[in-house]
Visitor: 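Supplied in structure tokens, the structure appears directly below.
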Amino acid sequence: MHDLIKQAAEDLVAAKYVVALTGAGISTESGIPPFRGKGGLWERFDPMEIAHIDAFMKDPAKVWNILVKEMKEIVDQAQPNDGHNGLVKLEKMNKLQTVITQNIDGLHQAAGNTDVIEFHGNFAWQRCMDCSKKYETREVDVSEIPPRCDCGGILRPNAVLFGEMIPSGALWRSRQVATDCDLMLVVGTSAVVQPAALMPVIAKQTGAKVVEINPERTPLTGEISDYLIKGKAGDVMNRIIEEMGKK
Ligand code: OAD
């Protein structure tokens, strides 16, 4: 692994335009469970039953009770970890321009990254399904489920549910930065959910290096990514940054 850490440090030093694509794995060290794999949310629940827009429309109270309340408790408490902080250090070194994240937890912004594209929306806000008024999630009263807007409409997370479109601005900008970058760091994503998983493919096809940080192989490994640094995001980021300091 040491050789790959050195390689990543060299590649980052040489790169002119770096973009990171992150997924749930970067937030596991902050106590937020991933979706797939051991301890993942989709091991306990069928996403089509509780995270699909049709499920929400059919029974919003069920989705709130099973998914949203629990997410609110976890996300309200979560703090950025060394993985998020490492991406902030890279930005301060002028070695990271943009983070595209599939996460809805707001931890990249909390850590201090300034250009974060929220590919799947965010959990910081709820919006009224009738009038679109927004409420900060941490201030939403969950003593009555589903919570309601002043107008009486039902509140829903401002995040993308299965069966919904990616916000067009996020999709458009992500494709743009994936095309423009010369290095993409792909951190903590299983790279199976489209169209997010296409971003490294676009980066590769337009000439960028693609570097994965993940304890496990993904469909990108050996196909799209130049190499995989097998490990946890926090530890790997710390080691890369330490190595860059020696250059
Ligand atoms: P997944 O849960 O599918 O994948 C998490 C990835 O993180 C796996 O590849 C793990 O091996 C890796 N991982 C676990 N711990 C890690 C650590 N400490 N450091 C680095 N990597 C680690 O999460 P996503 O790829 O983000 O969509 O899932 C994509 C989308 O599927 C989510 O945004 C969500 C979900 O359904 C929606 O809700 C629309």
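As the structure lists them, so they are numbered: ligands from 1, and atoms in each ligand from 1.
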Visitor: Main chain of T114, side chain of E91: is a donor-acceptor contact present, judged purely on distance under 3.5 Å?
Guide: yes

Visitor: Under a 3.5 Å threshold, yes or no: a donor from one side chain and an acceptor from the other, between E212 and T221?
Guide: yes

Visitor: Among R239, E243, K246, M244, which one satisfies side chain to side chain contact (heavy atoms under 4.5 Å, CB included) with K6?
Guide: E243

Visitor: Checking side chain to side chain contact (heavy atoms under 4.5 Å, CB included) between P200 and each of V19, V186, V211, which is the one that passes?
Guide: V186

Visitor: Does the side chain of Q102 come under 3.5 Å of the side chain of T189 through a donor N or O and an acceptor N or O?
Guide: yes

Visitor: Check each protein residue for a heavy atom under 4.0 Å from ligand 1 and list those that pass, ordered by chain and number.
Guide: G23, A24, G25, T28, E29, P34, F35, R36, W42, Q102, H120, V160, F162, G188, T189, S190, V193, N214, P215, E216, K232, A233

Visitor: Show every donor-acceptor pair shorter than 3.5 Å between a side-chain atom in residues 155-168 and any protein atom, with sequence neighbours excluded, or say none if there are none.
Guide:
residue	atom	partner	partner atom	Å
R156	NH1	E164	OE2	2.7
R156	NH2	A159	O	2.7
R156	NH2	E164	OE1	3.0
N158	OD1	R127	NH1	2.7
E164	OE1	L161	N	2.8

